[in-house]
Amino acid sequence: MKAKLEVVALILGFLGLFGTITITALPPWKVSAFIGANLIVMEELWEGLWMTCYRQIDIKMQCKVYDSLLILPAELQAARGLMCVSITLVVIALIVTAFGIQRSTCCGDNMKRKNIILAIGGCFYLLSFLTTLIPVSWVAHSIIKQFYNPTVVDAQKRELGKAIFIGWGTSGVLLATGIILLVRYSQRRPKEEDHYNDAYIMEEKSSIKEDSVYLTKTGSSLHKYQEYV
């Protein structure tokens, strides 16, 4: 049953990778808010990490890639880099975890190495959790702060897009995956120590047998004399 947790962690890892790629590519991080005088619901504006999109009722969505990185606000610039780092960390974590699970043929029966690899995979997942949560929360904080700023006109105010909520969910998946792997690491440590203790005891017994001297039983002279008489 405990070994199945490692398989569950792999499945969650793939979900985390799919989620990080999805929120990095999706444009609806910031969505136009329909408040006050801004009640033109026929047109909706999406602002993402790489492009802006206009969606109208009778016309297909039209997207345009940003002309320059410098025109983006600081939170979107940071989100670009951190989300790319997050995708890289999740890919590395998946590869490392695949080598560290109990059913893996990597490292043979060397449980110590497998445990270290599994713990490294869990740490990569926790790092990817941070690199996903920070940009998503930063952008969400900026949207909320701007929304309640009275000096900002209604047409420039934005709401939280779908990518923000998907990002929070993906962060939770990555956190759960890292915790599961580290829990499995702590559970496998006693087994690792028992394995090496048993191996040490077997080596001690074999060395004692090799060093022991077998003495052949020889009859004494008195016994031979009694047999002669």
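Both backbone and side-chain heavy atoms feed into the values below; hydrogens, waters and symmetry mates do not.
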Student: When you group the ILVMFWY residues by side-chain heavy-atom contacts below 4.5 Å and let the links chain together, are W29 and F18 in the same group?
Tutor: no

Student: If every non-hydrogen atom of A93 is compared with every non-hydrogen atom of G121, which pair is closest and at what distance?
Tutor: CB-O, 3.8 Å

Student: Hydrophobic clusters here meaning ILVMFWY residues chained together by side-chain heavy-atom distances under 4.5 Å, can you tell me if V31 and M61 are in one?
Tutor: yes

Student: Should the pair E75-K30 be classified as a salt bridge under the 4.0 Å nitrogen-to-oxygen rule?
Tutor: yes

Student: Mind checking whether M51 and K64 have side chains closer than 4.5 Å, heavy atoms only?
Tutor: no

Student: Could you state the interatomic distance from CG (L49) to CD (Q77), rounded to the nearest 0.5 Å?
Tutor: 11.5 Å

Student: For a quick test of reading the model, state the closest non-hydrogen atom pair linking L181 to A9 and the distance between them.
Tutor: CD2-CB, 3.6 Å

Student: Could you measure the distance from the CG atom of L72 to the OG1 atom of T52? Nearest 0.5 Å is fine.
Tutor: 9.5 Å

Student: With side-chain contact (heavy atoms from CB on, under 4.5 Å) as the test, pick out the partner of T177 among L94, V90, L12.
Tutor: L12

Student: Find the distance between CD1 (I21) and SG (C84) and round it off to the nearest 0.5 Å.
Tutor: 10.5 Å

Student: Let's go through L174 and L126 carefully: what are the C-alpha distance in whole Å and the side-chain angles of both, what is the deciding distance for side chain to side chain contact (heavy atoms under 4.5 Å, CB included) to 0.1 Å, and is it a yes or a no?
Tutor: CA-CA 7 Å; L174 295 174; L126 293 181; over 6 Å; no

Student: Please say yes or no: joined through hydrophobic side-chain contacts below 4.5 Å, possibly via intermediate residues, are L45 and Y66 part of one cluster?
Tutor: no

Student: With side chain to side chain contact (heavy atoms under 4.5 Å, CB included) as the test, would you mind laying out the steps for Y125 and L182 before giving the verdict?
Tutor: CA-CA 10 Å; Y125 275 116; L182 293 181; over 6 Å; no

Student: Looking at CZ of R80 and OG1 of T24, how far apart are the two atoms once the value is rounded to the nearest 0.5 Å?
Tutor: 11.0 Å

Student: Between W138 and L69, is there shared hydrophobic-cluster membership here, with clusters defined by ILVMFWY side-chain heavy atoms closer than 4.5 Å?
Tutor: no

Student: With side chain to side chain contact (heavy atoms under 4.5 Å, CB included) as the test, would you mind laying out the steps for N149 and K157 before giving the verdict?
Tutor: CA-CA 9 Å; N149 188 354; K157 291 184 178 181; 5.8 Å; no

Student: Looking at L5, T97, L15, which hits side-chain contact (heavy atoms from CB on, under 4.5 Å) with L10?
Tutor: T97

Student: With sequence neighbours left out, write down each residue that passes side chain to side chain contact (heavy atoms under 4.5 Å, CB included) with L26, or none if nothing qualifies.
Tutor: T22, P28, A163, I166

Student: If you round to the nearest 0.5 Å, how far is CH2 of W50 from CG of L76?
Tutor: 11.0 Å

Student: In the single-linkage hydrophobic clustering (I, L, V, M, F, W, Y; side-chain heavy atoms under 4.5 Å), do I143 and V152 co-cluster?
Tutor: no

Student: Using the rule side-chain contact (heavy atoms from CB on, under 4.5 Å), only one of L133, I134, V139 pairs with S137; which is it?
Tutor: L133

Student: Apply side chain to side chain contact (heavy atoms under 4.5 Å, CB included) to residues I23 and K162 and explain how you reach the verdict.
Tutor: CA-CA 9 Å; I23 62 178; K162 296 179 181 178; over 6 Å; no

Student: Do S86 and T132 get their side chains close enough for a donor-acceptor pair, meaning under 3.5 Å?
Tutor: yes

Student: Apply side chain to side chain contact (heavy atoms under 4.5 Å, CB included) to F165 and list each qualifying residue two or more places apart in sequence or on a separate chain.
Tutor: L160, W168

Student: Would you give the length of the straight line joining atom CG of L17 to atom CG of L89, rounded to the nearest 0.5 angstrom?
Tutor: 11.5 Å

Student: Do other residues, nucleotides or ligands put more than 12 heavy atoms under 6.0 Å from the OH atom of Y54?
Tutor: no

